[in-house]
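Remarks on the structure that follows.
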Amino acid sequence: MIQYMLLFSRQGKVRLQKWYSPLSLKEKKKIMRELIATILTRKSKMCNFLEYRETKVVYKRYASLYFCCAVETSDNELLSLEVIHRYVELLDKYFGSVSVQ
């Protein structure tokens with residue numbers, strides 16, 4: 001099950017956030033700060049899966065946006081990547097040029 005989904009730029013600015021589990025505002029900000037810093041410092045050749053607290057974080061970069069999805073540890077990472085990809089395709093059809101590199 002998806003815990004939360006974040007979209008942020010290469011500069012670290014959050015563009016969209018959706019939380020599916022109840023957390024305090026302070027906790028959400030801490031998670032966003034730590035995850036964004038961790039993902040932005042990773043090299044492009046590194047794996048797109050992270051273990052973070054009690055979740056698995058799956059992320060993918062499209063153009064200048066990072067799409068980040070946190071799921072339970074028992075969930076399939078490849079399925080999460082597919083969800084991200086379908087979401088990008090949907091945004092691309094609706095807004096145009098979301099995934100242009």
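Here, residue 1 is the first one in the sequence, and each next residue gets the next number.
With respect to Glu77 and Lys56, a salt bridge is recorded, a charged nitrogen being found less than 4.0 Å from a carboxylate O. The pair Glu34-Arg53 meets the salt-bridge criterion, since a charged nitrogen lies less than 4.0 angstrom from a carboxylate oxygen. Under a 4.0 Å N-O distance rule, the pair Arg86/Glu82 qualifies as a salt bridge.
Leu23 and Ile31 get closest at one heavy-atom pair: CD1-CD1, 3.7 Å. Residue Tyr20 comes nearest to Ile2 through the heavy atom pair CB-O, 3.4 Å, listed as atom of the first residue, atom of the second, then distance. Contact between Arg42 and Cys47 at its shortest, heavy atoms only, is NH2-O, 2.6 Å. Between Tyr87 and Met5 the shortest heavy-atom distance is CD2-CE, 3.8 Å. Of all heavy-atom pairs spanning Gln11 and Leu40, the tightest one is C-CD1, 4.3 Å.
Clustering ILVMFWY residues whenever any of their side-chain heavy atoms sit less than 4.5 angstrom apart, transitively, puts Ile84 in the very cluster that holds Phe95. Put simply, Tyr59 and Ile36 are part of the same group of oily side chains (I, L, V, M, F, W, Y) that touch within less than 4.5 Å, one to the next. Hydrophobic clustering (ILVMFWY, side-chain heavy atoms < 4.5 Å, transitive): Phe8 and Leu65 are in distinct clusters. A single hydrophobic cluster is not seen to contain both Tyr52 and Leu78; linkage of ILVMFWY side chains at heavy-atom distances under 4.5 Å, directly or through other members, places them apart. Leu81 and Leu91 end up in the same hydrophobic cluster when Ile, Leu, Val, Met, Phe, Trp and Tyr side chains are linked at under 4.5 Å.
Contact annotation: the side chain of Leu7 never approaches that of Tyr66 to less than 4.5 Å [non-hydrogen atoms, C-beta and beyond]. Val14 is listed as a side-chain neighbour of Met32, based on a closest heavy-atom distance under 4.5 Å. Residues Arg10 and Arg61 form a side-chain contact, since some pair of their non-hydrogen atoms from C-beta on lies under 4.5 Å apart. A 4.5 Å side-chain heavy-atom check between Leu50 and Ile39 finds at least one atom pair inside the cut-off. Side-chain contact between Cys68 and Val57 is present, with heavy atoms from C-beta onward closer than 4.5 Å. The shortest distance between side-chain heavy atoms of Leu16 and Leu6 does not fall below 4.5 Å.
Using a distance-only test at 3.5 Å, with no hydrogens or angles considered, no donor-acceptor pair links the side chain of Thr55 to the main chain of Glu51. Side chain of Asp75 to backbone of Met1: a donor-acceptor contact under 3.5 angstrom is found.
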Should Tyr4 and Lys18 be marked as a side-chain contact (heavy atoms from CB on, under 4.5 Å) after you check the CA-CA gap, both sets of side-chain angles, and the distance that decides it? CA-CA 6 Å; Tyr4 51 87; Lys18 180 64 180 170; over 6 Å; no

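Ring centroids of Tyr62 and Phe67 are separated by less than 6.0 Å, placing the two rings close together.
How far CD of Gln17 is from NZ of Lys29: 9.5 Å, rounded to the nearest 0.5 Å.
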